[in-house]
Number of protein chains: 2
Amino acid sequence: MDQQDSCIVRLFSNYCALSEKDKELLFALEQSPTEVRAGETLWKECDRASEFCTIRRGWAYSYRNLGDGSRQILEIYLPGDIIGMREFAFSQRLSGVTMIDDGVICYFPHRRLLDIFRSSTTLTAVLFAIASRHQVLLTERLVNLARRSAYQRLAHFLYEMYERLGQTDSLSDGHFRLPLSQEQLGDALGLSSVHISRTFSTFREEGLVLRERHRICLVDPLKLAAVAEFDSRYLNDSLRPLFSDIEFKERGGEVNEVRTE
Amino acid sequence: MDQQDSCIVRLFSNYCALSEKDKELLFALEQSPTEVRAGETLWKECDRASEFCTIRRGWAYSYRNLGDGSRQILEIYLPGDIIGMREFAFSQRLSGVTMIDDGVICYFPHRRLLDIFRSSTTLTAVLFAIASRHQVLLTERLVNLARRSAYQRLAHFLYEMYERLGQTDSLSDGHFRLPLSQEQLGDALGLSSVHISRTFSTFREEGLVLRERHRICLVDPLKLAAVAEFDSRYLNDSLRPLFSDIEFKERGGEVNEVRTE
DNA sequence: CGCAGTATTGAAAAATATCAAGAGGGGTGG
DNA sequence: CCACCCCTCTTGATATTTTTCAATACTGCG
């Protein structure tokens with residue numbers, strides 16, 4: 001495999017221009033690829049946590065099971081994502097992860113992250129940026145779940161997937177594959193599967209979104225984003241913010257701090 | 001001010017033993033203290049983001065306003081917390097922050113964090129651990145909002161505050177001050193203030209929680225934790241996990257990696 | 001004393017869940 | 001190729017939870 005094919009190198013490159021050394025460091029995270037099958041569980045809640053992984057191919061989701069038998073799907077992971085960072089400070093898994101599709105994942109130990117902290121300020125900063133972005137995504141989802149109607153929640157979810165997928169693949173019109181059952185969508189959005197079905201029916205009647213098995217068509221993406229009150233800043237405003245500064249300093253430059261007191 | 005009084009040094013010490021040099025680095029973040037008044041807004045959504053701050057005294061909360069006039073309170077910050085990390089990768093604020101009490105906060109520029117990355121692997125790892133812990137808190141809150149009844153949500157919130165406060169102060173029995181109106185509680189829990197009131201009434205009838213203005217008394221904390229399905233791992237399992245490893249390596253030791261393939 | 005923000009309570013309305021029955025679809029074994 | 005079955009989805013009826021609206025009480029404060 002060429003470094004150019006590395007999802008993780010591509011992901012990091014979104015944030016910052018990388019040196020060759022940085023690329024090699026990153027590339028090392030994607031050794032020991034493992035084939036996994038759709039439905040396979042990478043780990044369960046309460047398992048010992050001492051590794052992360054990157055997802056090179058396929059989709060996955062993380063979840064938490066609740067006492068009453070229901071569960072919450074926390075995140076949908078796409079190729080290039082790093083999984084398991086949540087538990088960096090923990091000895092146990094706090095959420096399970098299972099594959100949606102067949103795929104390939106690459107495990108690496110927590111310790112490898114420390115190597116990165118030690119050897120590259122740039123990568124460290126990018127990791128921090130990624131973590132910060134994750135947190136923003138999570139926050140946005142929290143607002144979505146806490147404040148919006150079922151109709152808006154589903155609209156928001158669909159539009160978010162559309163945007164995320166559009167960042168790597170170019171989506172012809174508003175079409176994309178969404179390999180999630182209505183029950184899984186319900187688990188992700190805090191709604192019953194029945195209500196998901198009804199909400200899709202409403203979308204169809206209004207001609208806003210069409211769904212056929214696992215294919216979604218956003219007839220009018222902008223209108224969908226509007227009804228969801230989708231704030232696209234939280235997905236798009238995270239590219240190369242203050243990293244020009246890093247690169248500058250790394251090259252030995254001096255930055256005079258202008259602090260407005 | 002002595003370093004021992006520094007909230008942030010104390011916070012970081014929870015995760016890892018710190019060298020003197022590390023303490024000085026951290027201590028430097030708490031310069032330029034600013035007095036702020038209850039109700040004062042530190043920043044609004046969409047403001048330019050180029051600083052973090054630590055909160056040395058007082059409480060604060062972050063929030064997002066929504067199109068329909070409602071708002072979501074995202075986090076409650078206590079002394080020692082770092083505020084604004086969410087926007088590390090962003091140029092704009094994605095949430096506002098306002099003070100609950102009078103207090104003292106210390107601003108420092110994003111760039112100061114890069115200095116830390118550059119000069120201390122230990123602090124970098126701790127920062128990462130803190131970010132990871134934040135994310136876990138957020139996740140737990142997300143589950144709470146998405147999956148639980150009003151009754152459970154409020155129970156969970158109260159118990160979480162109880163635990164967090166208990167980590168710095170020792171709370172006599174289940175008593176603590178909670179300087180939030182029922183409207184603010186509603187904003188935090190995705191409920192109407194009316195329903196918060198009703199839920200407190202239920203608690204009172206059951207003799208589970210008493211509330212008088214801004215004072216809360218958890219009559220039976222353990223029972224409260226049980227009804228909330230509170231998972232205390234997510235608050236307590238984050239102290240000194242793999243950092244013995246860091247210290248070891250920092251001292252020049254060699255760690256042989258045992259990777260189970 | 002009066003006023004503004006905050007809390008309580010009741011009644012009605014809205015949103016969503018639950019239960020139940022049936023429809024469609026795709027895979028598997030006969 | 002067909003029959004069957006399991007799983008997912010759809011739709012209707014009903015139940016539950018929570019919101020909204022409105023009226024009234026409470027509290028601290030100028």
Side-chain angles (χ1 to χ4, degrees), chain A residues 37-39 66-73 98 100 102 144-158 177-206 209-217 227-228, chain B residues 37-39 66 68-73 98 100-102 144-158 177-206 209-217 227-228:
Chain A
R37 314 287 316 208
L66 278 88
D68 63 354
S70 70
R71 71 171 181 175
Q72 177 64 32
I73 290 184
T98 104
I100 294 170
D102 292 351
N144 200 32
L145 292 178
R147 288 283 149 201
R148 297 205 249 252
S149 67
Y151 183 88
Q152 286 183 299
R153 278 188 229 181
L154 186 53
H156 194 276
F157 181 89
L158 294 174
R177 193 179 75 99
L178 184 73
L180 296 170
S181 69
Q182 297 193 354
E183 180 155 14
Q184 288 170 323
L185 287 171
D187 286 346
L189 295 172
L191 296 167
S192 69
S193 62
V194 175
H195 207 67
I196 296 285
S197 171
R198 288 192 221 275
T199 308
F200 269 120
S201 298
T202 308
F203 282 149
R204 187 171 359 95
E205 283 161 23
E206 297 176 344
V209 177
L210 304 176
R211 173 179 196 264
E212 192 174 331
R213 308 282 315 142
H214 286 163
R215 296 217 51 91
I216 296 287
C217 173
V227 307
Chain B
R37 312 289 317 211
L66 278 88
D68 63 354
S70 70
R71 70 172 182 175
Q72 177 64 32
I73 289 184
T98 102
I100 293 170
D101 292 316
D102 292 350
N144 200 32
L145 292 177
R147 287 285 149 200
R148 297 204 250 251
S149 66
Y151 183 87
Q152 286 184 298
R153 276 188 229 182
L154 185 53
H156 194 277
F157 181 88
L158 293 175
R177 193 178 74 99
L178 185 72
L180 296 169
S181 69
Q182 296 194 354
E183 179 156 14
Q184 288 171 322
L185 288 171
D187 286 348
L189 294 172
L191 295 167
S192 68
S193 62
V194 175
H195 207 64
I196 296 284
S197 172
R198 288 192 222 275
T199 308
F200 269 120
S201 299
T202 309
F203 281 147
R204 186 171 0 94
E205 284 161 22
E206 296 175 344
V209 176
L210 304 176
R211 171 178 199 264
E212 191 175 329
R213 305 287 312 147
H214 286 163
R215 297 218 51 92
I216 296 285
C217 172
V227 308

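Residue numbers begin at 1 in each chain, while the letters A, B, ... track the order of the sequences.
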Taking [X] for its side chain and [Y] for its backbone only, find out whether a donor-acceptor pair lies under 3.5 Å.
X	Y	result
R147(B)	R71(A)	yes
T199(A)	H195(A)	yes
D102(A)	A38(A)	yes
R153(A)	L189(A)	yes
S197(A)	S193(A)	no
Q152(B)	V227(B)	yes
Q184(B)	S181(B)	yes

On the nucleotide [N], are OP1 or OP2 found under 4.0 Å from the side-chain N or O atoms that [X] carries?
X	N	result
R211(A)	dC9(D)	yes
S201(A)	dT11(D)	yes
Q182(A)	dT10(D)	yes

**Message:** At a heavy-atom distance below 4.0 Å, what parts of residues 187-195 of chain A sit against DNA chain C?
**Reply:** G190(A), L191(A), S192(A), V194(A), H195(A)
**Request:** Mind running side chain to side chain contact (heavy atoms under 4.5 Å, CB included) on F157(A) and L145(A) for me, showing each step along the way?
**Result:** CA-CA 10 Å; F157(A) 181 89; L145(A) 292 178; over 6 Å; no
**Item:** Donor/acceptor link under 3.5 angstrom from R147(A) side chain onto base of dT18(D)
**Value:** no
Could you state the [atom1]-[atom2] distance from [X] to [N], rounded to the nearest angstrom?
X	N	atom1	atom2	answer
F203(A)	dT10(D)	CZ	C1'	17 Å
E212(B)	dT27(D)	CD	P	9 Å
L185(B)	dT18(D)	CG	P	16 Å
R198(B)	dC21(D)	CZ	C1'	11 Å
I196(B)	dT20(D)	CD1	C1'	15 Å
L180(A)	dC9(D)	CG	C1'	15 Å
L210(A)	dC9(D)	CG	C1'	16 Å

**Request:** Output the distance between atom OG (S201(A)) and atom CD1 (I196(A)), rounded to the nearest 0.5 Å.
**Result:** 11.0 Å
**Prompt:** Going 5' to 3' along DNA chain C, which nucleotides are the first and last within contact of chain B (any atom under 4.0 Å from a heavy atom)?
**Reply:** dA7(C) to dA11(C)
**Verdict with supporting geometry, D101(B) and R177(B), side chain to side chain contact (heavy atoms under 4.5 Å, CB included)** = CA-CA 12 Å; D101(B) 292 316; R177(B) 193 178 74 99; 2.9 Å; yes
**Message:** With side chain to side chain contact (heavy atoms under 4.5 Å, CB included) as the criterion, how do H156(A) and R148(A) come out once you've worked through the C-alpha distance, each side chain's angles and the decisive distance to 0.1 Å?
**Reply:** CA-CA 9 Å; H156(A) 194 276; R148(A) 297 205 249 252; 3.4 Å; yes
**Request:** When you get a sec, tell me which of dT11(D), dT20(D), dC9(D) is the closest nucleotide to the side chain of R213(A)?
**Result:** dC9(D)
**Request:** Dump the intermediate steps for side chain to side chain contact (heavy atoms under 4.5 Å, CB included) on I216(A) and F203(A), then the final yes or no.
**Result:** CA-CA 11 Å; I216(A) 296 287; F203(A) 282 149; over 6 Å; no
**Message:** What's the angle between the local helix axes at either end of the helix from dC1(C)-dG30(D) to dG30(C)-dC1(D), using five pairs per end and rounding to 10 degrees?
**Reply:** 30°
